[in-house]
**Student:** 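First, the structure itself, so that you have it in front of you.
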Amino acid sequence: MKKISLVIICLFSAITTVAQLNPQSKKITERYFPDADSLENVTPALQKKRGFTDYDELTTFLNTLKSNHSKYVTISYIGESQKGYKIPMVRLTNPNSTTEKIKVWMQGGLHGNEPASTEGVLYLLYTLLNNPKYSYLLDKIDLAVVSMANIDGYLKQSRYASNGLDLNRDQTKLMAPESIVLKKAFSDFNPEVGIDFHEYNSYRRDFYKMGSFGIAGLYDIMFLYSGNPNVPQNMRTLTDSLFVENARQVLTKNKLRFHDYMSTGDYHGEIQFNQGSSNARSSATSYALTNTVSTLIEVRGVNLGRTSFKRRMATTFLIGMSYLKTAFENADLVKNEIIKAQKLNGDISVTSTREIYKDSIEVIDLDTNDLMKMEITVRDAWKSKPKLVRNKPAFYLIDSSHKELIKKLNTLGVKTETLENDTEYEVEAYQITLYDRNEELFEKMNRQTVETQLTNKTIQFSKGTFIISTSQKNAPIITEVLEPEAPNSFVSFGVLETELNNELPIYRLSKKN
């Protein structure tokens with residue numbers, strides 16, 4: 001029977017996203033994931049029996065909100081998808097409130113096959129504007145929302161953008177047009193709190209190899225917040241102990257199951273569970289490296305079609321409202337912690353390793369449909385330890401011929417300047433001492449693995465050389481993309497190509513003369 005199960009899941013993977021089969025039985029749905037009955041049918045997808053919100057329905061819905069609540073709503077178009085659809089961003093706030101606002105960013109639909117992320121965000125927008133119980137939040141919150149970030153993927157219910165890129169693996173290399181306009185909008189808005197709504201697959205291919213007949217994920221929601229050591233510890237603590245903890249309490253009150261985020265991977269023939277993330281290529285860490293309270297929310301839903309759809313939307317809505325309330329009630333604290341984070345100095349963790357240990361999780365046994373505890377090996381990003389450590393320079397210098405790197409840094413919200421005159425500096429230069437180029441494309445890029453040796457040199461830098469201070473709000477993301485050995489750097493992703501024995505056109509400066 002287990003062989004039959006594996007054949008079935010392979011067939012599921014071969015089905016096109018438009019005609020995706022639902023792997024979940026009616027018994028499991030009724031027993032563990034009954035649909036919510038508390039939501040009104042006010043969003044486009046809830047007003048029809050099949051399918052999800054299309055682009056025309058999205059724009060009509062948003063324009064109606066603006067028309068009915070023009071005092072609170074503004075709509076701008078931050079760019080276009082590759083298929084030419086304009087990407088709307090909605091801003092909600094009370095302009096008559098004189099209270100200093102806290103800025104909150106919300107995003108849904110970055111993966112196009114995760115429809116409850118978009119629909120849940122639309123429901124939240126509607127409720128904020130139409131339910132007096134929540135309208136007070138806009139007195140102190142400036143909310144920016146991109147509800148359908150990957151429009152092309154969403155319209156065909158595909159995870160990927162039109163050029164095949166995963167937009168949540170593109171947060172530092174910025175190769176997709178949508179990634180660039182989304183990141184620029186995020187940077188221009190400069191939020192103090194950022195939430196990226198997703199859905200996760202509770203019927204992973206690896207799960208069919210577990211138990212006697214396979215397992216399924218149990219949790220209504222998983223929280224993904226950064227374990228990257230370069231995210232200041234006070235910001236990591238604030239995220240987990242305040243924002244995530246308040247959301248956990250809301251979920252418990254509503255009898256919803258939750259866990260910290262886990263995914264699976266094959267390590268030397270053993271399926272292990274990766275908990276958390278430290279990768280700047282995805283939003284949870286990318287946002288956090290700009291000293292933003294950052295969380296990626298994974299709701300149980302990929303490949304389930306409209307099964308438990310209201311439940312999934314309600315979960316998204318509850319988390320969104322919890323974060324807004326926490327931001328409202330702790331605005332001064334959040335602002336002060338961000339200021340504190342900017343003043344912290346210390347070494348850079350260029351690379352890090354996860355702690356590995358044994359633990360157990362609750363899952364659904366597909367043989368019996370009962371709950372069971374399963375022993376697992378965990379690779380924990382939240383317990384990451386620095387491996388390669390360097391001191392943080394006061395500045396980075398980049399040769400003026402590499403304007404493409406500066407453009408990406410600016411998109412990431414990094415402030416850059418240029419030398420006004422030819423200037424001599426004593427700097428550290430990167431010499432490539434080990435080099436490997438992966439010929440297998442990852443997200444359309446040839447990744448590079450390098451080791452470097454730092455050498456002290458005195459160099460006459462010409463007028464127009466770019467200089468980047470590490471004393472700015474988004475400083476952690478600077479080191480993440482410029483230190484060549486960092487796993488999501490411009491060098492590692494092949495954005496800046498190099499070779500063995502090359503000297504990189506990036507230099508470290510401890511102080512100006």
**Student:** Is there a donor-acceptor pair under 3.5 Å between the side chain of S67 and the backbone N or O of N63?
**Tutor:**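 Judged by distance alone, no pair lies under 3.5 Å.
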**Student:** Evaluate the criterion salt bridge (charged side-chain N to carboxylate O under 4.0 Å, His left out) for residue pair K183 and E178; output intermediate values, then yes/no.
**Tutor:** CA-CA 8 Å; K183 186 62 72 177; E178 292 92 341; over 6 Å; no
**Student:** Begin with the C-alpha distance, continue with both residues' side-chain angles, and end with the deciding distance and a verdict on salt bridge (charged side-chain N to carboxylate O under 4.0 Å, His left out) for D240 and R236.
**Tutor:** CA-CA 6 Å; D240 181 18; R236 283 184 273 160; over 6 Å; no
**Student:** For K103 and E192, which heavy atoms make the closest approach, and how far apart are they?
**Tutor:**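 K103 and E192 have their closest heavy atoms at N-OE1, 2.7 Å.
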**Student:** Do D54 side-chain atoms and E57 backbone N/O form a donor-acceptor pair below 3.5 Å?
**Tutor:** yes
**Student:** How many angstroms lie between OH in Y219 and CG in L256, if you round to the nearest 0.5 Å?
**Tutor:** 14.0 Å
**Student:** Kindly determine whether L251 and I319 satisfy side-chain contact (heavy atoms from CB on, under 4.5 Å), including the steps that lead there.
**Tutor:** CA-CA 8 Å; L251 293 170; I319 297 300; 3.8 Å; yes
**Student:** Does the N94 side chain pair with the main chain of Y72, one donor and one acceptor, at a distance under 3.5 Å?
**Tutor:**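 Checking the backbone N and O of Y72 against the side chain of N94, no donor-acceptor pair under 3.5 Å is found.
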**Student:** The test is side-chain contact (heavy atoms from CB on, under 4.5 Å); show your working for V299 and R311 and say whether it passes.
**Tutor:** CA-CA 10 Å; V299 173; R311 182 187 184 95; over 6 Å; no
**Student:** For residues F189 and D142, report the shortest heavy-atom separation together with the two atoms involved.
**Tutor:** CZ-O, 3.3 Å
**Student:** Are any side-chain N or O atoms of T118 and backbone N or O atoms of P115, one a donor and one an acceptor, separated by less than 3.5 Å?
**Tutor:**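 Pair absent, no side-chain N/O of T118 close to backbone of P115.
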**Student:** Does the pair F328 and Y136 meet the rule for a ring pair (Phe, Tyr, Trp, His ring centres under 6.0 Å), with working shown?
**Tutor:** CA-CA 9 Å; F328 181 93; Y136 76 94; 5.0 Å; yes
**Student:** What's the spacing between D220 CG and E298 CD if we round to 0.5 Å?
**Tutor:** 13.5 Å
**Student:** State the NZ-CG distance between K403 and L405, to the nearest 0.5 angstrom.
**Tutor:** 11.0 Å
**Student:** When rounded to the nearest 0.5 angstrom, what is the spacing between OH in Y261 and NE2 in H198?
**Tutor:** 9.5 Å
**Student:** Within the 3.5 Å criterion, strictly below it, is a donor on S81 or D152 matched to an acceptor on the partner's side chain?
**Tutor:**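 Yes, because at least one side-chain N or O of S81 sits under 3.5 Å from a partner of the opposite role on D152.
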**Student:** Using the rule given for ring pair (Phe, Tyr, Trp, His ring centres under 6.0 Å), can you reason through F52 versus F309, listing the C-alpha separation, both sets of side-chain angles and the distance that settles it, and then say yes or no?
**Tutor:** CA-CA 10 Å; F52 305 104; F309 191 50; 5.3 Å; yes
**Student:** Looking at F395, is R508 sitting on its ring face, NZ or CZ under 6.0 Å from the six-membered ring centre and within 45 degrees of the normal?
**Tutor:** no
**Student:** Please name the residue in the list F61, Y154, Y85 that meets the ring-ring contact (aromatic ring centres under 6.0 Å, His included) test with Y55.
**Tutor:**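 In the set F61, Y154, Y85, the residue that makes a ring-ring contact (aromatic ring centres under 6.0 Å, His included) with Y55 is Y85.
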**Student:** Can you tell me if D170 and S179 form a side-chain donor-acceptor pair at under 3.5 Å?
**Tutor:**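 S179 and D170 do have a side-chain donor-acceptor pair below 3.5 Å.
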**Student:** Under the 3.5 angstrom rule, does the side chain of T285 hit a backbone N or O of S226 as a donor-acceptor pair?
**Tutor:**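 Judged by distance alone, no pair lies under 3.5 Å.
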**Student:** So, T99 versus D139: side-chain donor-acceptor pair below 3.5 Å or not?
**Tutor:**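 No, D139 and T99 have no side-chain donor paired with an acceptor closer than 3.5 Å.
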**Student:** How long is the straight-line distance from CG of L324 back to CG of L128, given to the nearest 0.5 Å?
**Tutor:**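 Interatomic distance, L128 CG to L324 CG, rounded to 0.5 Å: 6.0 Å.
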**Student:** Decide if atom NZ of K71 counts as having more than 12 heavy atoms of other residues, nucleotides or ligands within a radius under 6.0 Å.
**Tutor:** yes
**Student:** What about the rings of Y225 and F243, do their centers lie closer together than 6.0 Å?
**Tutor:**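 When the ring centroids of Y225 and F243 are compared, they turn out to be at least 6.0 Å apart.
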**Student:** Can E483 and R390 be counted as an ion pair, charged N to O under 4.0 angstrom?
**Tutor:**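 A salt bridge links E483 with R390.
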**Student:** Are T316 and I297 packed together at the side-chain level, in the sense that at least one heavy-atom pair is separated by less than 4.5 angstrom?
**Tutor:** no
**Student:** Here's one to test your reading of the geometry: is the NZ or CZ of K173 within 45 degrees of the ring axis of F490 and under 6.0 Å from its centre?
**Tutor:** no
**Student:** Evaluate the criterion side chain to side chain donor-acceptor pair (under 3.5 Å) for residue pair N41 and K48; output intermediate values, then yes/no.
**Tutor:** CA-CA 9 Å; N41 294 333; K48 56 187 182 181; over 6 Å; no
**Student:** Compute whether any side-chain donor of one residue and acceptor of the other, for E480 and N488, lie under 3.5 angstrom apart.
**Tutor:**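 Per modelled atom types, E480 and N488 side chains form no pair under 3.5 Å.
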**Student:** Between the side chains of E100 and K335, is the shortest nitrogen-to-carboxylate-oxygen separation below 4.0 Å, so that they form an ion pair?
**Tutor:** yes
**Student:** Between the side chain of S76 and the main-chain N/O of I78, is any donor-acceptor distance below 3.5 Å?
**Tutor:** no
**Student:** Closest heavy-atom contact between I141 and K101?
**Tutor:** N-CD, 3.8 Å
**Student:** In terms of side-chain heavy atoms, does R354 have a donor or acceptor partner in S384 at a distance below 3.5 Å?
**Tutor:** no
**Student:** Given the rule in the side-chain contact (heavy atoms from CB on, under 4.5 Å) test, do E337 and L333 qualify, once you have shown the distances and angles that lead to the verdict?
**Tutor:** CA-CA 6 Å; E337 290 299 320; L333 172 64; 4.0 Å; yes
**Student:** Test side chain to side chain donor-acceptor pair (under 3.5 Å) on D380 and Q275; report intermediate values, then the result.
**Tutor:** CA-CA 5 Å; D380 197 339; Q275 180 164 269; 3.1 Å; yes
**Student:** Go through E420 and K463 one step at a time and tell me if the salt bridge (charged side-chain N to carboxylate O under 4.0 Å, His left out) criterion holds.
**Tutor:** CA-CA 5 Å; E420 296 181 358; K463 176 183 177 181; over 6 Å; no
**Student:** If we ignore angles and hydrogens, is there a donor and acceptor under 3.5 Å between the side chains of Q24 and T29?
**Tutor:**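 Per modelled atom types, Q24 and T29 side chains form a pair under 3.5 Å.
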**Student:** Under the side-chain contact (heavy atoms from CB on, under 4.5 Å) criterion, do M321 and T127 qualify, and how do the steps go?
**Tutor:** CA-CA 10 Å; M321 280 301 184; T127 305; 4.2 Å; yes
**Student:** Tell me, with the steps shown, if T292 and T290 meet side chain to side chain donor-acceptor pair (under 3.5 Å).
**Tutor:** CA-CA 5 Å; T292 298; T290 63; 3.0 Å; yes
**Student:** What's the separation between atom OG1 in T237 and atom CD in Q233, rounded to the nearest 0.5 Å?
**Tutor:** 4.0 Å
**Student:** Could you give me the CA-CA distance, side-chain angles and deciding distance for N410 and K415, then say whether side chain to side chain donor-acceptor pair (under 3.5 Å) is met?
**Tutor:** CA-CA 6 Å; N410 293 157; K415 297 176 182 177; over 6 Å; no
**Student:** Mind running salt bridge (charged side-chain N to carboxylate O under 4.0 Å, His left out) on E443 and R281 for me, showing each step along the way?
**Tutor:** CA-CA 11 Å; E443 289 288 300; R281 66 187 181 217; over 6 Å; no
**Student:** Is there a donor in the side chain of E119 and an acceptor in the side chain of T43, or the other way round, less than 3.5 Å apart?
**Tutor:**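 Yes, side-chain donor-acceptor contact under 3.5 Å.
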**Student:** Looking only at heavy atoms, which two atoms of A341 and M235 are closest? And how far apart?
**Tutor:**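 So the minimum-distance heavy-atom pair works out to CB-CG, 3.7 Å.
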**Student:** Between K392 and N230, does any side-chain donor sit less than 3.5 Å from a side-chain acceptor?
**Tutor:**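 On atom types as modelled, these side chains do not qualify, holding no pair under 3.5 Å.
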**Student:** Do Q107 and D196 get their side chains close enough for a donor-acceptor pair, meaning under 3.5 Å?
**Tutor:**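 Per modelled atom types, Q107 and D196 side chains form a pair under 3.5 Å.
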**Student:** Heavy-atom count check: over 12 atoms from other residues, nucleotides or ligands less than 6.0 Å from D37 CG?
**Tutor:**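 12 or below, so no.
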**Student:** Please report the shortest heavy-atom distance between L218 and V363, naming the atom on each side.
**Tutor:** CB-CA, 4.3 Å
**Student:** Answer yes or no: are there more than 12 heavy-atom neighbours, outside K66 itself, under 6.0 Å from its atom NZ?
**Tutor:** yes
